[in-house]
Amino acid sequence: MEWIDERPAWLPPIPPPHRGRMRIVAGMLLVIGVLVTVLVTAFLGGIISMFLFWPLAGGMLLLISGLLSRRRLP
């Protein structure tokens, strides 16, 4: 093992490679689930509840926060 193989203590830790992936997946599942529910309900002629706004808003917040955490700032 060479001396160049070790990471110096003064360098910041390396961030995980899949930052924000779980939030992106959870957000996509919520948004897609709400959209499919709305489309099926509309196709069947039912009434779409305004309570579907909360899972849609939560999914969008998860998706946005997951995507923003993946940004690399200089």
Side-chain angles (χ1 to χ4, degrees):
M1 189 160 135
E2 297 289 326
W3 65 273
I4 56 173
D5 292 338
E6 296 178 13
R7 187 168 174 81
W10 51 269
L11 281 175
I14 299 174
H18 306 297
R19 229 155 83 182
R21 178 182 280 183
M22 289 306 295
R23 283 180 285 175
I24 293 171
V25 169
M28 287 293 286
L29 286 175
L30 277 171
V31 169
I32 290 172
V34 168
L35 292 179
V36 167
T37 303
V38 166
L39 288 175
V40 168
T41 306
F43 178 75
L44 295 176
I47 297 174
I48 299 169
S49 172
M50 286 301 292
F51 287 114
L52 284 175
F53 170 76
W54 296 113
L56 181 64
M60 291 298 289
L61 285 175
L62 282 171
L63 189 58
I64 290 169
S65 71
L67 288 172
L68 285 177
S69 72
R70 292 178 71 93
R71 270 186 21 185
R72 300 257 187 234
L73 297 176

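On a predicted model such as this, the values are computed, not experimentally measured, just so you know. Side chains are part of it too, since the values below use all heavy atoms of this structure and drop only hydrogens, waters and symmetry mates.
Residues V31, V34, L35, V38, L52, L56, M60 make up the rest of the hydrophobic cluster containing I48, defined by ILVMFWY side-chain heavy atoms closer than 4.5 Å, directly or through other members. Hydrophobic cluster of L29: the remaining members, joined at side-chain heavy-atom separations below 4.5 Å, are V25, listed by chain and number. Applying the 4.5 Å side-chain rule to ILVMFWY residues, one finds I24, I32, V36, V40, F43, L44, L63, L67 in the same cluster as M28. The hydrophobic cluster containing F51, built from Ile/Leu/Val/Met/Phe/Trp/Tyr side-chain heavy atoms closer than 4.5 Å, also comprises F53, W54.
Shown here are the side-chain contact (heavy atoms from CB on, under 4.5 Å) partners of L30, two or more places apart in sequence or in another chain: P55, L62.
Residue R19 comes nearest to R70 through the heavy atom pair O-CG, 2.9 Å, listed as atom of the first residue, atom of the second, then distance. Closest approach of R23 to S69, counting heavy atoms only: NH2-OG, 3.1 Å.
Screening residues 33-53 for side chain to side chain donor-acceptor pair (under 3.5 Å) gives no qualifying pairs among residues at least two apart or on separate chains.
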